[in-house]
Amino acid sequence: MPAGTLYRGREGMWSWVAHRVTGVLIFFFLFVHVLDTALVRVSPEAYDDVVATYKTPIVNVMEYGLVAAILFHALNGLRVIAVDFWSKGPRYQKQMLWTVVGVWVVLMAGAFYPVLQHTLRTLFGS
Amino acid sequence: MSAETTPAAAAVSDVSLYDVDNPAPLIEAPRKRTKKTPKATRTNFELYGWLFMRLSGILLVVLVLGHLLIQLVLDGGVSKIGFAFVAGRWASPFWQAWDLLMLWLAMLHGANGLRTVINDYAERDTTRFWLKMLLYTATVFTVLLGTLVIFTFDPNIR
């Protein structure tokens, strides 16, 4: 059997995969999010009950994951637009991906405490 | 040598099968427009869909990241969210318009993205059709429900 016939891709393919996966995850969250927000038309108590779920530690960590998915999808989406409309875009697509990853890491580090402060305060005190 | 082997050999042995006016069996041109060709494939729908993803994407970067900043980052993160917080924000037509535009653009952007994913991976015609019907139903329902909630929100419901 010939070795190395499986295409494992490079920056271009893996960023495409990550864009797809994050896009689908965000769409499913959006569907749930419109449904939970619709509870403001039922009663303040019904809405506050479901929002209490968003304040539990596990869901709070999932919110940090949501921020991660949205930030990657947004930054990589801008890169896709640059590849499509900027004449030098395709030539610099790898450099742009590593720029996206770098900006993403910085923003995720900056969002760590603000997003998770509710859990950090309830678990470890104020 | 039989007539099936090559036209050249056939021309020598059997003149009536192929001649100068009929050198080979007629093959229909690829992608030839026939009566069976669906009219729908002659529109620029996919081009406009492609363009919409990029234009709505740029707007959504501002709308969604602004939304995340307000809801999850500033002023205590998720702690402050509740009915009173929503009532305070939707008292302003600016934030109502922000949320309405974000709802419509995000749902259509996401629905078109999922349509592409379904077209890529669902190989059976009936599976593809029903998955897309489910997607379109969920999308229309969610967009209409969200729009109704924004327009009919009542801070004094209780």
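Using a 4.5 Å cut-off between heavy atoms, B:T139 contacts chain A through its side chain alone, with no backbone atom that close. In this structure, chain A has heavy atoms under 4.5 Å from both the backbone and the side chain of B:M107. In this structure, the portion of B:L51 lying under 4.5 Å from any heavy atom of chain A is its side chain and not its backbone. For a residue to count as touching a neighbouring chain, one of its non-hydrogen atoms must lie under 4.5 Å from one of that chain's; by this rule B:L148 does not touch chain A. For B:A84, no part lies near chain A; criterion is any non-hydrogen pair under 4.5 Å. Of the atoms belonging to B:V64, it is side-chain heavy atoms, and not backbone ones, that fall under 4.5 Å from chain A. Residue B:L72 touches chain A through both its backbone and its side chain, counting heavy-atom pairs closer than 4.5 Å. Interface remark: B:I157 contributes side-chain atoms only to the contact with chain A (heavy atom separation under 4.5 Å).
Residue A:W86 places its CH2 atom among more than 12 non-hydrogen atoms of other residues, nucleotides or ligands, all under 6.0 Å distant. Enclosure of atom CZ in B:F52 by more than 12 non-hydrogen atoms of other residues, nucleotides or ligands within 6.0 angstrom is indicated. Few gaps surround CH2 on B:W50; more than 12 heavy atoms of other groups in view lie less than 6.0 Å from it. Other residues, nucleotides and ligands contribute only 12 or fewer heavy atoms inside 6.0 Å of the OH atom of B:Y48. For B:Y121, the OH atom sits in a packed shell: over 12 heavy atoms of surrounding residues, nucleotides or ligands are nearer than 6.0 Å. The local environment of CZ in A:F112 is sparse, with at most 12 non-hydrogen atoms from other residues, nucleotides or ligands closer than 6.0 Å.
Residues A:L75 and A:V106 do not share a hydrophobic cluster, defined by chaining ILVMFWY side chains whose heavy atoms lie under 4.5 Å apart. Cluster annotation: B:F151 is connected to B:M102 through the hydrophobic network of ILVMFWY side chains, with a link wherever side-chain heavy atoms come within less than 4.5 Å. Hydrophobic clustering keeps B:F129 apart from B:L134 (ILVMFWY residues linked when any side-chain heavy atoms are closer than 4.5 Å, directly or through intermediates). Linking Ile, Leu, Val, Met, Phe, Trp and Tyr residues whenever their side-chain heavy atoms come within less than 4.5 Å places A:L123 and A:Y113 in a single cluster. Linking ILVMFWY residues whenever their side-chain heavy atoms come closer than 4.5 Å, directly or via other members, leaves A:W14 and A:Y92 in distinct clusters.
Contact count against chain A (heavy-atom pairs under 4.5 Å) is highest for B:V149 among B:D154, B:V149, B:V61. The candidate from B:L103, B:V143, B:I81, B:L145 with the greatest count of non-hydrogen atom pairs under 4.5 Å with chain A is B:I81. Per-residue counts of heavy-atom pairs under 4.5 Å with chain B were compared for A:H73, A:H118, A:H33; the largest is that of A:H118. Contacts with chain B were tallied for A:G110, A:P44, A:G77; A:P44 has the most, counting heavy-atom pairs under 4.5 Å. When A:T37, A:D84, A:T119 are compared by the number of non-hydrogen pairs under 4.5 Å with chain B, A:D84 comes out ahead. With respect to chain A, the highest number of heavy-atom pairs below 4.5 Å among B:G113, B:G146, B:P155, B:A111 belongs to B:A111. Of the listed residues (B:V73, B:I150, B:L65, B:L69), the greatest number of heavy-atom pairs within a distance under 4.5 Å of chain A belongs to B:V73.
In this structure, the separation between CG on B:L68 and CG on A:L107 is 11.5 Å, given to the nearest 0.5 Å. Here the straight-line distance linking atom CZ of A:F27 with atom CG of B:L114 works out to 5.5 Å at 0.5 Å rounding.
Evaluation of the ring pair (Phe, Tyr, Trp, His ring centres under 6.0 Å) rule for B:H109 yields no partner, not counting sequence neighbours.
Classification of A:R20 and B:D120 as a salt-bridged pair holds, one side-chain N sitting under 4.0 Å from a carboxylate O.
Of residues 45-68 of chain A, those residues with a non-hydrogen atom less than 4.5 Å from any non-hydrogen atom of chain B are, in numerical order, A:E45, A:Y47, A:D48, A:V51, A:Y54, A:K55, A:N60, A:E63, A:V67.
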